[in-house]
Peer 1: 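Encoded as structure tokens, here's the structure I'll be asking about.
Residue numbers run from 1 in the order of the sequence given.
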Amino acid sequence: MFLPKYPDSPTPPPAHTHAPTTPAPARRSALPAISVSTGAVVAVLTGGVVLTALLTAVAVSAISVAIAAVVLRSLLRDHNRR
């Protein structure tokens, strides 16, 4: 029932008589030389450090504001119950 059905007279695979030829040498396009100065590397690294520091400062500020909101909500809820 679950067995595959094969054809009664299978056809043989075609015989390829392709003769390999010598491959042509690959031509690569000449890329312009790129020189990276030390100043550019320092500028990119400094920018990365500054952006990382700013992102960390924003995250710490958001966490502290969230904690302050939870504390104030707790204090206001206790004050309203009295």
Side-chain angles (χ1 to χ4, degrees):
M1 179 175 168
F2 293 109
L3 296 176
K5 295 182 179 180
Y6 296 107
D8 293 333
S9 60
T11 57
H16 294 286
T17 58
H18 184 309
T21 59
T22 57
R27 297 184 70 195
R28 295 187 180 198
S29 61
L31 297 176
I34 299 174
S35 62
V36 179
S37 66
T38 307
V41 173
V42 170
V44 168
L45 289 178
T46 304
V49 169
V50 169
L51 289 176
T52 304
L54 287 173
L55 183 64
T56 305
V58 168
V60 169
S61 299
I63 291 172
S64 64
V65 167
I67 290 173
V70 169
V71 169
L72 284 175
R73 189 177 74 176
S74 174
L75 289 173
L76 289 175
R77 187 180 346 169
D78 288 343
H79 183 268
N80 288 338
R81 285 185 183 175
R82 294 182 185 181

Peer 1: To which residues is V50 joined in a hydrophobic cluster, defined by side-chain heavy-atom contacts under 4.5 Å among Ile, Leu, Val, Met, Phe, Trp and Tyr, whether direct or through other members?
Peer 2: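 Other cluster members: L54.
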Peer 1: Can you give the donor-acceptor pairs under 3.5 Å from side chains of residues 30-45 to other protein atoms, not counting sequence neighbours?
Peer 2:
| unit_1 | atom_1 | unit_2 | atom_2 | d |
| --- | --- | --- | --- | --- |
| S37 | OG | A40 | N | 3.4 |

Peer 1: Taking only distance into account, with no hydrogens and no angle test, what donor-acceptor pairs under 3.5 Å do side-chain atoms of residues 56-67 form with protein atoms, sequence neighbours excluded?
Peer 2:
| unit_1 | atom_1 | unit_2 | atom_2 | d |
| --- | --- | --- | --- | --- |
| T56 | OG1 | T52 | O | 2.8 |
| S61 | OG | A57 | O | 2.9 |
| S64 | OG | V60 | O | 3.3 |
| S64 | OG | S61 | O | 2.8 |

